[in-house]
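Ligands are counted one by one from 1 in listed order, and the atoms in each one are counted from 1 as well.
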Amino acid sequence: VEFDTINILDMINAYGEEDVRKRISEFSCPINPEIEHFVFENAVEFAKKKMSITHFAINSKGKIVALFTLTHKSIEIGNRDFSKSKIRKLSRYAAINTETEGYRTSAFLIAQFGKNYAVEDGRSISGNELMELTFEILKKVQHEVGGGIVYLECEDKPELLGFYQNEHNGFIRFGERYSEEDNKKYIQLFNFL
Ligand SMILES: CC(C)(COP(=O)(O)OP(=O)(O)OC[C@H]1O[C@@H](n2cnc3c(N)ncnc32)[C@H](O)[C@@H]1OP(=O)(O)O)[C@@H](O)C(=O)NCCC(=O)NCCS
């Protein structure tokens with residue numbers, strides 16, 4: 001891949017918070033205002049408090065072309081008709097909740113994921129490439145601490161569901177969550193690292 005990733009905390013250490021905030025202010029994602037709101041209002045604060053860490057994909061000119069935000073959380077994957085091999089793998093990382101028959105596990109969460117639509121110079125990144133960069137980071141974390149499940153929540157839109165479940169990305173639907181806060185339904189998808 002022709003893009004590098006940089007951790008927001010490393011970026012702050014290297015260039016200072018003011019410079020990072022300035023670079024962030026050039027981020028634009030009109031198709032998903034929630035991501036914009038997160039990067040402008042929360043990304044720096046949440047990283048400093050270690051609540052979630054944002055990573056930027058940058059091009060050869062050092063411009064931010066996309067971002068993803070990672071953290072981890074406990075989830076329950078309802079017992080659905082997954083293949084035998086998926087069940088076997090799930091059982092490796094999860095424990096059955098005897099009351100609900102679901103799989104309880106802690107998982108890495110891709111809390112934000114999106115491209116910077118303000119980038120014009122050079123070729124922009126594809127969603128699939130951004131997912132590869134995300135998995136690169138997650139595999140480094142896995143190498144250090146173990147764990148094997150990653151999940152995310154996305155709006156109930158065919159474009160997004162198609163993207164995450166495509167052959168390259170391979171996420172699997174396992175549930176949904178209604179957010180009172182956003183007044184929106186989110187579809188939950190997981191994958192193995
Ligand atoms: C999700 C994403 C990384 C996928 O990248 P990609 O595979 O390179 O695909 P594209 O950006 O070309 O998008 C594919 C199609 O989905 C549509 N799409 C992407 N995000 C969308 C969204 N949030 N809502 C509605 N449609 C969306 C695009 O408009 C495009 O439609 P088109 O083919 O008719 O032009 C990228 O579309 C993106 O950054 N979207 C905005 C941020 C976002 O919504 N992230 C998901 C949060 S769960």
Discussion item. Quick check against the 3.5 Å criterion: does Asn191 have a side-chain atom that pairs as donor or acceptor with the backbone of Val150?
Written reply: no

Discussion item. For atom 5 (O) of ligand 1, what is the closest protein heavy atom, and at what distance to 0.1 Å?
Written reply: Gly127 CA, 3.4 Å

Item to complete: With salt bridge (charged side-chain N to carboxylate O under 4.0 Å, His left out) as the test, would you mind laying out the steps for Glu155 and Lys185 before giving the verdict?
Response: CA-CA 6 Å; Glu155 284 179 65; Lys185 185 173 89 171; over 6 Å; no

Item to complete: May I ask which of Tyr117, Phe163, Tyr186 has a heavy atom nearer to atom 36 (C) of ligand 1 than the others do?
Response: Tyr117

Discussion item. For atom 11 (O) of ligand 1, is there a protein heavy atom at a distance under 4.0 Å?
Written reply: yes

Worksheet item: Hey, is atom 16 (O) of ligand 1 under 4.0 Å from any protein heavy atom?
Response: yes

Fill in: atom 7 (O) of ligand 1 protein-contacted (non-hydrogen atom, under 4.0 angstrom)
yes

Worksheet entry | Contact bool for atom 21 (C) of ligand 1 (protein heavy atom, d < 4.0 Å) | yes

Worksheet, complete the sentence: the protein heavy atom lying closest to atom 43 (C) of ligand 1 turns out to be Asn32 ND2, 3.3 Å

Worksheet item: With distance as the sole test, does Asp4 use its side chain to make a donor-acceptor pair with the main-chain N or O of Ile58 at under 3.5 Å?
Response: no

Practice prompt. Could you list which atoms of ligand 1 come closer than 4.0 Å to a heavy atom of Cys154?
Written response: 48 (S)

Item to complete: Could you tell me which atoms of ligand 1, counted from 1 in the order shown, lie closer than 4.0 angstrom to a heavy atom of Ile35?
Response: 42 (C), 43 (C), 45 (N)

Fill in: Between Tyr93 and Tyr103, ring centroids under 6.0 Å
no

Worksheet item: What is the closest protein heavy atom to atom 1 (C) of ligand 1, and at what distance does it sit?
Response: Leu160 CD2, 3.9 Å

Practice prompt. Could you list the atoms of ligand 1 found under 4.0 angstrom from a heavy atom of Tyr164?
Written response: 46 (C), 47 (C), 48 (S)

Worksheet item: Can the ring centres of Phe82 and Phe190 be said to be less than 6.0 Å apart?
Response: yes

Fill in: Donor-acceptor contact below 3.5 Å, side chain Asn59 vs main chain Ile64
no

Fill in: Heavy atom of the protein closest to atom 31 (O) of ligand 1 (residue, atom name, distance)
Glu159 CG, 4.6 Å

Worksheet item: What protein heavy atom sits nearest atom 45 (N) of ligand 1, and how far away is it?
Response: Phe113 O, 2.8 Å

Fill in: Residue and atom name of the nearest protein heavy atom (relative to atom 25 (C) of ligand 1), distance in Å to one decimal
Lys157 CD, 3.5 Å

Fill in: Side-chain donor-acceptor pair present, Ser60, Glu2, cut-off under 3.5 Å
no

Discussion item. Return the closest protein heavy atom for atom 18 (N) of ligand 1 as residue, atom name and distance.
Written reply: Ile31 CD1, 3.6 Å

Worksheet entry | Atoms in ligand 1 flagged as close to Ser126, the criterion being non-hydrogen separation under 4.0 Å | 8 (O)

Worksheet, complete the sentence: atom 39 (O) of ligand 1: closest protein heavy atom, distance to 0.1 Å, is Lys115 N, 2.8 Å

Worksheet item: Any Lys/Arg nitrogen of Lys184 or Glu34 sitting under 4.0 Å from an Asp/Glu carboxylate oxygen of the other?
Response: yes

Item to complete: Could you tell me whether a side-chain N or O of Glu129 sits under 3.5 Å from a main-chain N or O of Ser126, the two making a donor and an acceptor?
Response: yes

Worksheet entry | Verdict with supporting geometry, Arg23 and Glu18, salt bridge (charged side-chain N to carboxylate O under 4.0 Å, His left out) | CA-CA 9 Å; Arg23 285 166 77 169; Glu18 204 177 315; over 6 Å; no

Fill in: Part of Cys29 with heavy atoms under 4.0 Å of ligand 1, whether side chain, backbone, both or neither
side chain

Practice prompt. Mind checking the CG-CD1 spacing from Leu90 to Ile149? Nearest 0.5 Å is all I need.
Written response: 5.0 Å

